[in-house]
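Taking it in order: structure first as structure tokens, then the write-up.
Residue numbers start from 1 in every chain, and the chains themselves are labelled A, B, ... in the order their sequence lines are given, proteins ahead of strands. Values below: all heavy atoms of this structure, side chains included; hydrogens, waters and symmetry mates excluded.
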Amino acid sequence: MSTDPEKPTEQESDVTRREFLGTAGAALVVAAAVPGVAVEGQTARPAGTPSRPRTQIRLTVNGAQRRLEVDDHWTLAEMLRDHLRLTGTKLGCERGECGACTVILDGKTVYSCSYLAVWADGKSVTTVEGLAKNGALDPLQQAFVVHDAPQCGFCTSGQLMSAKALLSANPAPTVAEVHAALAGNLCRCSNYSRIAEAVVAAGAAGATRRTSGGGQ
Amino acid sequence: MAVIRDMMPVFELFQPASIDEALNLLDAHQGDVWVLGGGMDSFDWLKDRTKRVSTVVDLSQVGELRGIKEANGGLEIGAMTTLTEVVHHPAVQAKFRILAEAAEVVASPQIRNQATLGGNVSQDTRCWYYRSGWSCYRAGGNICYADTPTAINREHAILQQDRCVAVSPSDTAPALVALDAEFVIRSKGGERVVKAEDYFLGPQIDITHMTVLRPGELLTAIRIPATWANAQFYWEKVRDRNVWDFPLVNVASAMKLSGTTISDVRIAVGAVAARPLRLTAVEAATKGKPRTEETASAAGELAIQGATPLRYNAYKIPLMRNLVKRAIRGNAQATT
């Protein structure tokens with residue numbers, strides 16, 4: 001929870017891969033959508049933009065409190081990716097059928113592609129960007145690296161969020177418990193056994209740290 | 001022209017804080033309003049532009065629609081209670097385990113965290129011809145694309161087909177029918193309570209609606225009477241994958257035994273018709289009989305009388321027969 005609430009998660013001035021691709025590949029500037037978000041009560045709607053119903057929400061994103069004005073029809077994924085630039089949350093199917101967009105909302109996993117941004121009002125959202133602390137990977141992420149859990153990597157952030165929610169509720173799960181908890185996350189590379197291995201290892205390592213009194 | 005299928009179009013969102021406020025909104029916008037529960041059915045329609053709505057009444061802020069109350073030995077479950085909450089509720093687990101079992105195999109963990117019990121029973125059919133926006137009977141047109149010589153209809157109906165061959169996709173619905181649940185429906189005009197089996201409509205009654213809900217009405221709660229508390233339950237769902245998939249066939253039974261004799265029984269089957277079917281003929285034929293392999297086999301045969309396959313779904317007939325057989329025979333003797 002060390003993140004400065006006033007500091008954007010990514011440097012706004014940096015040219016992201018997304019913007020670069022947008023400007024390089026087509027005349028459209030993808031980042032043009034970003035000023036549409038008014039942070040801390042600003043109304044940054046450009047003149048001439050058709051009126052869209054908007055709602056002001058307060059939420060915690062990866063430990064930082066945010067106040068945002070969001071379009072009523074935005075999904076949480078849309079808000080996170082397109083307007084907060086938290087593109088670690090991936091969109092696969094857009095239909096709640098793949099799990100790539102999984103985030104943790106007040107301790108429970110949801111598909112951010114199928115959840116309204118306005119519903120996050122008053123809630124706490126954790127995305128994959130919220131796992132690492134002070135530049136150090138979360139032990140769960142480290143276990144994914146050690147156990148080669150990601151192959152192409154597209155499903156990884158979603159898998160991590162389901163695994164993180166599981167470990168919070170059940171710190172040392174069995175393989176069967178991991179498979180059940182991660183059942184809502186597809187891996188097209190079909191690397192399920194390595195993913196489960198990594199989560200079990202992270203749980204076991206956490207248990208060791210706890211009994212030895214060290215670590216988190 | 002390409003159709004946008006990711007972002008939803010603009011709509012006007014109302015977030016009432018009470019049932020009365022919600023009903024006032026429905027009344028004010030009658031006929032042109034979309035009621036939003038957990039969103040797991042709604043968002044697909046909106047993203048696909050298959051249904052176009054200008055006004056959405058979102059029930060997420062109506063606290064009185066959430067939660068499970070124990071009353072008179074039974075339960076009253078708010079329509080906006082999530083499936084995860086249903087699965088883990090101690091009284092559901094202790095007395096009406098069949099409902100927990102049914103809710104637990106819906107879709108995936110993330111969906112169960114968000115999807116509601118009211119939405120699970122009120123969701124629209126998953127026939128992909130219909131959901132793709134084809135102008136079929138159910139969409140107000142004059143053809144069923146799932147019942148043509150070249151149609152792909154592996155998941156479709158084997159019973160009570162009437163022009164439309166779409167099926168009820170709900171897992172909790174057959175369990176609620178087997179528990180003699182009652183559905184509480186409110187409108188500005190008052191409240192009506194319908195039996196679970198009467199909540200659902202087949203195409204012969206209304207080809208464009210799956211439930212008896214009329215414009216201006218809300219499903220507010222589901223009541224489970226004490227009648228079948230701690231009965232002998234059987235639940236089974238057969239699907240292609242163990243996650244996400246809707247049932248190919250599911251079955252729920254609640255039974256009371258006196259010794260080895262079936263003294264009373266309820267049995268319902270889902271995904272074989274447009275509505276979950278309570279098998280009253282099977283109930284009548286098995287009541288008073290010993291709970292044996294023979295009784296179960298006869299029940300299975302009786303259940304499929306009148307079943308008619310489409311091109312690709314003939315497998316559903318023996319599947320339904322076997323599931324009914326198991327649901328009567330019970331877990332004790334089940335071998336596979």
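For Phe43(B) and Trp119(A), the distance between ring centers is under 6.0 angstrom.
With a threshold of 4.5 angstrom between heavy atoms, Thr84(B) approaches chain A through side-chain atoms but not through N, CA, C or O. Contacts of Thr102(A) with chain B are made by side-chain atoms alone, with heavy-atom separations under 4.5 Å and no backbone atom involved. Heavy-atom distances place both the backbone and the side chain of Arg5(B) under 4.5 Å from chain A. With a threshold of 4.5 angstrom between heavy atoms, Asp72(A) approaches chain B through its backbone and through its side chain. In this structure, no portion of Cys101(A) lies under 4.5 Å from any heavy atom of chain B. Heavy atoms closer than 4.5 Å to chain B are found in both the backbone and the side chain of Cys113(A). For Ala180(A), the part lying near chain B is the backbone, with the side chain staying farther off; criterion is any non-hydrogen pair under 4.5 Å. For Asp58(B), the part lying near chain A is the side chain, with the backbone staying farther off; criterion is any non-hydrogen pair under 4.5 Å. At a 4.5 Å heavy-atom cutoff, Leu46(B) makes no contact with chain A through either its backbone or its side chain. For Asp121(A), no part sits under 4.5 Å from any heavy atom of chain B, backbone or side chain. If you measure heavy-atom distances from Ala181(A) to chain B, the contacts under 4.5 Å come from the backbone alone.
Across all non-hydrogen atoms, the minimal contact from Ser157(A) to Ala100(A) is OG-O, 4.1 Å.
Ring geometry for His83(A) against Trp74(A) counts as parallel: the plane angle stays under 30°, on a 0 to 90° scale with 60° as the upper cut.
Side-chain atoms of Cys155(A) and Arg188(A), non-hydrogen and from C-beta on, never get closer than 4.5 Å to each other. Side-chain atoms of Met79(A) and Leu84(A), non-hydrogen and from C-beta on, do get closer than 4.5 Å to each other. Taking the side chain as every heavy atom from C-beta outward, Leu117(B) and Leu83(B) approach each other to under 4.5 Å.
Without hydrogens or angle criteria, Gln93(B) side chain to Val87(B) main chain gives a donor-acceptor distance under 3.5 Å. With Lys237(B) contributing its side chain and Val105(B) its backbone, the two residues share a donor-acceptor pair below 3.5 Å.
Per-residue counts of heavy-atom pairs under 4.5 Å with chain B were compared for Lys108(A), Glu94(A), Arg95(A); the largest is that of Arg95(A). Chain B forms more heavy-atom pairs under 4.5 Å with one residue of Leu116(A), Thr55(A), Leu182(A) than with any other, namely Leu116(A).
With rounding to the nearest 0.5 angstrom, the CG atom of Asp71(A) is 4.5 Å from the CZ atom of Arg54(A).
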